[in-house]
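A short worksheet on the structure shown next.
Please read all numbers here as calculations on a predicted model, not as lab measurements.
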Amino acid sequence: MIAALLLAAALAQAPDAPMAPTSDTWDALPPVQFRRAELDTVALARFVRAEVEAGRCAAAVTDDAGSTRLRVPLAALVAPDGRVRRLVPAAIGCPTVEQFTVGVIGRLAADNVAEPWPEADRWLRTGLTYSWTTAAPAQAPR
């Protein structure tokens, strides 16, 4: 059943659509330009922080000051009219956060890509960096 679904998804992609880039080449892709970037970053980071604290995501990096960051890069296949046809997250080892980010960017991109172009579909790069601060533990009085 899963193989049939994967085959159907592969066949559904337009034959002239460019192949998805590999994540090691995403930095060379031009960035997606959004007209508006209205995101509730505090609420978004809350979900990601919960995933990290639950041990379901070990990709976050915390510095000495207690600031934690987690970057989720995405490649976006964008049609000439600005519609995002496909979003591919980099595999960072946090599948729930990767898919969450695909959903967030998918909603953000709806009718929001700034510069359509006349030629064929093309791959662009985007992504989100989640960040939050963990309070430092109280120090014992000296």
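- Between Thr25 and Trp123, the closest side-chain pair of non-hydrogen atoms is not below 4.5 Å.
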Hey, can you pull the donor-acceptor pairs under 3.5 Å for the side chains in residues 95-110, sequence neighbours left out?
| residue | atom | partner | partner atom | Å |
| --- | --- | --- | --- | --- |
| Thr96 | OG1 | Glu51 | OE1 | 2.6 |
| Glu98 | OE2 | Ile92 | N | 2.9 |
| Glu98 | OE2 | Gly93 | N | 3.2 |
| Glu98 | OE2 | Cys94 | N | 3.2 |
| Thr101 | OG1 | Val97 | O | 2.8 |
| Thr101 | OG1 | Tyr130 | OH | 2.7 |
| Arg107 | NH1 | Gly103 | O | 3.4 |

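- For Glu38, the side chain to side chain contact (heavy atoms under 4.5 Å, CB included) partners are Arg36, not counting sequence neighbours.
- The structure places CZ of Arg69 at 11.0 Å from OG1 of Thr133, a figure rounded to the nearest 0.5 Å.
- Among residues at least two apart or in separate chains, there is no ring pair (Phe, Tyr, Trp, His ring centres under 6.0 Å) pair with a member in residues 50-96.
- Residue pairs meeting the ring pair (Phe, Tyr, Trp, His ring centres under 6.0 Å) criterion with at least one member in residues 54-85: none, sequence neighbours excluded.
- Annotation: Arg35, atom CZ; neighbour count of heavy atoms from other residues, nucleotides and ligands within 6.0 Å is above 12.
- Residues satisfying the side-chain hydrogen bond (donor to acceptor under 3.5 Å, both in side chains) criterion with Arg71, sequence neighbours excluded, are Thr129.
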Check residues 59-67 and write down every donor-acceptor pair under 3.5 Å in which the side-chain atom is one partner and the other belongs to a residue at least two apart or another chain.
| residue | atom | partner | partner atom | Å |
| --- | --- | --- | --- | --- |
| Thr62 | OG1 | Thr68 | OG1 | 2.7 |
| Asp63 | OD1 | Ala65 | N | 3.0 |
| Asp63 | OD1 | Gly66 | N | 3.1 |
| Asp63 | OD1 | Ser67 | N | 2.9 |

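- Taking 4.5 Å as the limit, some side-chain heavy atom of Leu128 sits within range of a side-chain heavy atom of Leu39.
- Take Ala43 and apply the side chain to side chain contact (heavy atoms under 4.5 Å, CB included) test, not counting sequence neighbours, and it matches Asp40, Arg46.
- Checked against side chain to side chain contact (heavy atoms under 4.5 Å, CB included), Pro30 has the following partners two or more places apart in sequence or in another chain: Leu124.
- With sequence neighbours excluded, the residues forming a side-chain hydrogen bond (donor to acceptor under 3.5 Å, both in side chains) with Arg83 are Asp81, listed by chain and number.
- To the nearest 0.5 Å, the span separating CZ on Arg125 from CG on Leu74 amounts to 12.0 Å.
- Listed by chain and number, the residues in a side chain to side chain contact (heavy atoms under 4.5 Å, CB included) with Ala54 are Arg56 (sequence neighbours excluded).
- A search for side-chain hydrogen bond (donor to acceptor under 3.5 Å, both in side chains) contacts involving Glu53 returns Arg49, not counting sequence neighbours.
- Considering only residues two or more places apart in sequence or on other chains, Asp24 meets the side-chain hydrogen bond (donor to acceptor under 3.5 Å, both in side chains) condition with Thr22.
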